[in-house]
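Step one of this worksheet: look at the structure below.
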Amino acid sequence: MKLAIGCDNAAFALRDVLAEYIRESHPEIELVDFGLQDDSGKDYPDVAITVAEAVASGRVDRALLLCGTGLGVAIAANKVAGVRAATCHDVYSAQRAQLSNDAQIITMGSRVIGPELAKVVLDAYLSSSFAGGKSSGKVDKISAYEQTHR
Ligand code: RB5
């Protein structure tokens with residue numbers, strides 16, 4: 001799996017922790033880092049839209065986006081057609097984001113969650129996959145709306 005990671009300046013430190021965790025604990029994942037190299041600079045919509053476009057184009061399979069709250073990056077990423085981004089700070093939501101919503105992007109806030117819980121939540125997301133079945137029709141309705149309201 002190709003996993004993109006991106007952050008704004010508020011989440012630079014959490015990005016470093018989670019990127020290192022993924023590299024060490026998930027050697028099967030190819031990490032594509034869209035993050036900052038220092039803690040100055042990028043606004044959350046810039047990185048969120050760049051990463052969401054990488055998801056929409058198929059360049060990466062899934063993504064982790066980080067900002068102060070996890071909210072701004074989710075709002076921005078969800079503007080990109082075909083992308084479903086979900087803010088998750090607990091294990092159940094992270095599982096359901098995949099199982100029910102087929103969310104290709106998980107977002108978290110560095111001012112909301114600590115690094116150790118963030119690792120557990122990320123693992124819950126990464127180890128889950130879309131259940132299909134009854135959930136497919138609901139996700140299809142979102143896609144259908146998107147296609148007719150561009
Ligand atoms: C800081 O720019 C803060 O607004 C941002 O990281 C994020 O929390 C927005 O949703």
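Read the numbers this way: they start at 1 and go in the same order the structure lists the ligands and their atoms. Keep in mind that the numbers below use all heavy atoms, side chains included, and drop hydrogens, waters and symmetry copies.
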**Prompt:** Hey, is Glu116 close enough to Lys119 for a salt bridge, meaning N to O under 4.0 Å?
**Reply:** yes
**Asked** atom 8 (O) of ligand 1: which protein heavy atom is closest, and how many Å away?
**Response** Thr69 N, 2.9 Å
**Asked** Does Ile49 share a hydrophobic cluster with Tyr44, counting links as ILVMFWY side-chain heavy atoms below 4.5 Å and allowing steps through other members?
**Response** yes
**Shared hydrophobic cluster, Ile22 / Ile113 (ILVMFWY, side-chain heavy atoms < 4.5 Å)** = yes
**Item:** Proximal ligand 1 atoms for Tyr44, defined as those under 4.0 Å from one of its heavy atoms
**Value:** 5 (C), 9 (C)
**Prompt:** Just which atoms of ligand 1 are under 4.0 Å from any heavy atom in Ala10?
**Reply:** 6 (O)
**Asked** Going by distance only, is there an N or O of Gly68 that falls short of 3.5 Å from an N or O of ligand 1?
**Response** yes
**Polar contact flag for Val73 and ligand 1 (N/O pairs, less than 3.5 Å)** = no
**Request:** If you have a sec, work out which protein heavy atom is nearest atom 10 (O) of ligand 1 and how many Å separate them, to one decimal?
**Result:** Gly72 N, 2.9 Å
**Message:** Any non-hydrogen side-chain atom of Leu126 less than 4.5 Å from a side-chain atom of Leu3?
**Reply:** yes
**Prompt:** If you measure from each non-hydrogen atom of Asp8 to ligand 1, which part falls under 4.0 Å: side chain, backbone, both or neither?
**Reply:** side chain
**Prompt:** Is Cys67 touching ligand 1 with its side chain, its backbone, both, or neither, if touching means heavy atoms under 4.0 Å apart?
**Reply:** both
**Asked** Can you check whether Asn9 has an N/O within less than 3.5 Å of an N/O in ligand 1?
**Response** no
**Connected via hydrophobic side-chain network under 4.5 Å: Leu64 and Val17** = no
**Prompt:** Would Val83 and Phe130 show up in the same hydrophobic cluster when neighbours are defined by side-chain heavy atoms closer than 4.5 Å?
**Reply:** no
**Item:** Top protein contact for atom 3 (C) of ligand 1, by heavy-atom distance
**Value:** Arg111 NH1, 3.8 Å
**Prompt:** Side chains of Ile106 and Gln98: closer than 4.5 Å at any heavy-atom pair?
**Reply:** no
